[in-house]
Asker: 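Would you mind keeping the following structure in view while I ask a few things?
All values reported here derive from a predicted model rather than from experimental measurement. Below, chain A is the first sequence line, B the second, and so on; all start at residue 1.
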Number of protein chains: 2
Amino acid sequence: MNTVTAPGLRERKKQRTRDALVRAALELFTTQGYEQTTVDEIAAAVDVSQRTFFRYFAGKEDAALAAQRLAVDHFVAALSARPAQEAPLEALRRAVQDGWDTLHEVVESVVPIELYLRMYRVIESTPVLLAAYLRSATETEEQIARLIAEREGLDVDTDPRPRVAVAVFGGVIRVTERLWSAGDDFSVEALRALTSAYLDQVGPALAAEWRTA
Amino acid sequence: MNTVTAPGLRERKKQRTRDALVRAALELFTTQGYEQTTVDEIAAAVDVSQRTFFRYFAGKEDAALAAQRLAVDHFVAALSARPAQEAPLEALRRAVQDGWDTLHEVVESVVPIELYLRMYRVIESTPVLLAAYLRSATETEEQIARLIAEREGLDVDTDPRPRVAVAVFGGVIRVTERLWSAGDDFSVEALRALTSAYLDQVGPALAAEWRTA
DNA sequence: AGGCTAATGACAGCCGCTGACAGTTGACAA
DNA sequence: TTGTCAACTGTCAGCGGCTGTCATTAGCCT
């Protein structure tokens with residue numbers, strides 16, 4: 001029960017199995033495609049039964065999004081670490097940049113970064129996966145909205161601004177993710193630059209008259 | 001081939017079958033829940049084979065979202081009808097309001113409005129349905145971004161503003177849909193008021209310092 | 001009326017996913 | 001060390017979503 005004690009053999013074995021399943025899944029998804037890969041194949045690649053796969057993951061989607069979830073959690077942690085006096089949108093923006101700086105170490109513990117990046121294309125081009133990803137994104141947005149509200153000492157249920165700000169931010173992030181995964185330059189730097197540029201366009205986009213600018 | 005000619009018996013029959021399937025599906029979904037309803041049940045309620053159901057709908061989800069798709073298309077049409085000199089966000093905002101004014105006639109041709117509204121709660125509370133809905137929403141956003149770009153005489157691939165503006169707008173819309181479907185007042189008026197109030201909060205939410213306001 | 005084609009039903013089968021039960025293996029104390 | 005308990009796993013059976021195939025039915029057109 002002691003969470004400080006080093007995990008025993010059983011725990012380590014579980015972690016290894018889970019990681020191996022994620023790696024095998026992503027490898028197969030990125031090479032043959034998501035729909036073309038069966039759960040039996042993934043399980044066989046790790047030499048466990050199909051039943052065991054479903055004990056580790058709620059479904060095929062869950063395994064496919066495992067690495068992205070890691071990254072998202074990492075980003076949320078980065079946000080929590082931002083100083084409280086920062087303005088909400090500034091904190092969000094910097095948290096994303098901070099998150100990318102250290103993303104490598106977090107992701108690499110489970111899958112190669114390159115596999116993680118390639119998986120983005122698969123998600124974006126597989127309808128059912130994209131759907132699951134978007135749903136998970138809205139859950140994250142709610143979580144972040146509460147975090148922002150807390151920072152500012154507001155009640156998320158009476159003040160609309162936390163949820164609105166996060167929705168705006170999240171909307172732009174998703175646009176950039178989509179454009180990035182559809183483009184040629186598939187580097188983290190490219191995504192970083194794109195996000196930065198698009199966040200700068202929120203003001204102009206909300207201006208009443210675009211032609212005068 | 002002539003699309004002006006009144007549709008023949010075959011075409012009318014198809015339309016009736018499709019509408020009947022949607023009605024039966026929504027009725028069952030809203031009463032017993034989405035997961036608890038099988039495709040066989042829906043097909044049986046309309047007295048067609050399960051195979052026929054899948055000839056009309058790509059999947060169970062597709063039938064569940066059929067009414068909402070109608071409404072979304074109606075909204076897009078309302079947007080196209082807005083005068084071109086209107087500012088983008090103003091056009092979007094008014095299109096939503098216009099859309100609701102005439103939503104009744106559009107939806108009622110297939111399902112009772114009340115069923116359509118109740119279906120929102122089912123979508124919002126059923127993970128897999130919500131996911132599908134969100135995916136469909138992003139497709140709509142892309143479509144609207146192109147529409148806005150055209151209005152303003154811009155290239156959607158070089159000027160970020162259309163997509164950013166639509167992402168912001170869409171983000172707020174989805175927040176209000178969620179809060180509305182989770183709340184008590186389940187009327188169109190309540191949703192209209194909520195949307196209006198939240199759109200007004202975009203400016204404040206983007207302000208650098210919330211505490212001074 | 002009769003031929004053509006679209007729509008349907010019936011059947012078989014794959015795959016994702018779950019419940020139930022039995023076997024195995026790490027954890028922990030005597 | 002050993003025995004007990006709990007956790008983890010494999011096997012099997014089965015449901016439901018979904019698709020391909022083929023024979024049958026029913027609207028369309030001359």
Side-chain angles (χ1 to χ4, degrees), chain A residues 1-22 24-25 28-29 32-66 122 126-132 135, chain B residues 1-22 24-26 28-29 32-66 122 126-129 131-132 135:
Chain A
M1 276 298 129
N2 191 344
T3 52
V4 174
T5 317
L9 173 57
R10 184 175 272 170
E11 210 60 35
R12 277 180 286 138
K13 214 170 174 180
K14 264 173 57 177
Q15 194 58 51
R16 274 212 321 256
T17 305
R18 203 194 128 91
D19 291 353
L21 280 170
V22 172
L28 288 166
F29 291 158
Q32 359 174 328
Y34 178 75
E35 322 259 18
Q36 286 69 41
T37 305
T38 66
V39 173
D40 282 311
E41 258 180 297
I42 302 168
V46 184
D47 206 56
V48 295
S49 70
Q50 191 215 50
R51 196 66 184 84
T52 295
F53 174 92
F54 284 111
R55 288 200 178 95
Y56 282 95
F57 303 101
K60 210 169 94 170
E61 295 170 359
D62 192 26
L65 299 178
V122 178
T126 307
V128 58
L129 266 189
L130 179 58
R135 191 181 71 77
Chain B
M1 278 297 127
N2 191 344
T3 53
V4 174
T5 318
L9 173 57
R10 187 179 269 169
E11 211 60 35
R12 277 181 288 136
K13 217 169 172 181
K14 264 173 56 176
Q15 193 59 49
R16 270 201 326 210
T17 305
R18 204 196 127 91
D19 292 353
L21 281 170
V22 172
L26 297 205
L28 288 166
F29 291 158
Q32 354 175 335
Y34 177 75
E35 322 259 18
Q36 287 69 40
T37 305
T38 66
V39 173
D40 282 309
E41 258 180 296
I42 302 168
V46 184
D47 206 58
V48 295
S49 70
Q50 190 217 48
R51 195 66 183 85
T52 296
F53 174 92
F54 284 111
R55 289 201 177 94
Y56 282 96
F57 304 100
K60 213 169 93 169
E61 296 171 359
D62 192 26
L65 299 178
V122 179
T126 307
V128 58
L129 267 188
R135 192 182 69 79

Asker: For the pair made of CZ in R18(A) and C1' in dT9(D), what is the distance, rounded to whole Å?
Answerer: 17 Å
Asker: What is the minimum heavy-atom distance between K60(A) and F29(A), and which atoms define it?
Answerer: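 Reported closest heavy-atom pair: CG-CZ, 4.0 Å.
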Asker: Quick check: do T52(B) and S49(B) have side-chain heavy atoms less than 4.5 Å from each other?
Answerer: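 Heavy-atom side-chain distance check passes, below 4.5 Å.
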Asker: Taking 4.0 Å as the cut-off, does a side-chain nitrogen or oxygen of T52(B) come that near to OP1 or OP2 on dG9(C)?
Answerer: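 Answer is yes, contact under 4.0 Å.
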Asker: Do Q50(B) and T38(B) have side-chain heavy atoms sitting under 4.5 Å apart?
Answerer: no
Asker: Taking the side chain as every heavy atom from C-beta outward, state whether R10(A) and K13(A) have any atom pair closer than 4.5 Å.
Answerer: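 Side chain of R10(A) against side chain of K13(A), heavy atoms only: no contact under 4.5 Å found.
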Asker: Please list all pairs passing the salt bridge (charged side-chain N to carboxylate O under 4.0 Å, His left out) test where one or both residues lie in residues 40-55 of chain A, with sequence neighbours left out.
Answerer: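 Found none.
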Asker: Summarise protein proximity over nucleotides 19-24 of chain C in one line of letters, 5' to 3': B for base, S for sugar-phosphate only, - for none, counting protein heavy atoms closer than 4.0 Å.
Answerer: BB----
Asker: Rounded off to whole Å, could you give me the CZ-to-P distance for the F57(B) and dA7(C) pair?
Answerer: 15 Å
Asker: Strictly below 4.0 Å: does Y56(B) bring a side-chain N or O up to OP1 or OP2 of dT8(C)?
Answerer: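 Looking at the OP1 and OP2 atoms of dT8(C), one of them is under 4.0 Å from a side-chain N or O of Y56(B).
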Asker: Grab the CZ-P distance between R12(A) and dA7(D) for me, whole Å please.
Answerer: 19 Å
Asker: Mind checking what makes ring-ring contact (aromatic ring centres under 6.0 Å, His included) contact with F57(A), not counting sequence neighbours?
Answerer: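 Testing F57(A) for ring-ring contact (aromatic ring centres under 6.0 Å, His included), a comparison that skips the adjacent residues, returns F53(A).
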Asker: Could you grab the distance from atom CD of Q15(B) to atom CZ of R12(B), nearest 0.5 Å is fine?
Answerer: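 Spacing of CD (Q15(B)) from CZ (R12(B)) equals 11.5 Å.
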Asker: For nucleotides 14-17 of chain C, give me every protein contact, N/O to N/O, under 3.5 Å, one pair per line with atom names.
Answerer:
unit_1, atom_1, unit_2, atom_2, d
dG16(C), OP1, T37(A), O, 3.4
dG16(C), OP1, K60(A), NZ, 3.1
dG16(C), OP2, V39(A), N, 3.2
dC17(C), OP2, K60(A), N, 2.8

Asker: Answer yes or no: is there a side-chain heavy-atom contact under 4.5 Å between V22(A) and Y56(A)?
Answerer: no
Asker: Can you pull every protein N or O that's under 3.5 Å from an N or O on nucleotides 2-6 of chain C?
Answerer:
unit_1, atom_1, unit_2, atom_2, d
dA6(C), O4', R10(B), NH1, 3.2

Asker: List in chain and number order the residues that pass side chain to side chain contact (heavy atoms under 4.5 Å, CB included) with A24(B), two or more places apart in sequence or in another chain; answer none if no residue qualifies.
Answerer: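 So A24(B) forms a side chain to side chain contact (heavy atoms under 4.5 Å, CB included) with I42(B), A45(B), V46(B).
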Asker: Between Y34(B) and E61(B) (side chain of the first, backbone of the second, donor and acceptor by atom type, cut-off under 3.5 Å), is there such a pair?
Answerer: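 A pair under 3.5 Å: yes.
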Asker: Measure the distance from CD on E11(A) to P on dT9(D) and round it to the nearest whole Å.
Answerer: 11 Å
Asker: Take the protein atom CZ of F29(B) and the nucleotide atom P of dG16(D), then report the distance between them rounded to whole Å.
Answerer: 14 Å
Asker: Please name the pair of heavy atoms, one in A64(A) and one in L129(A), separated by the smallest distance, quoted to 0.1 Å.
Answerer: CB-CD2, 3.6 Å
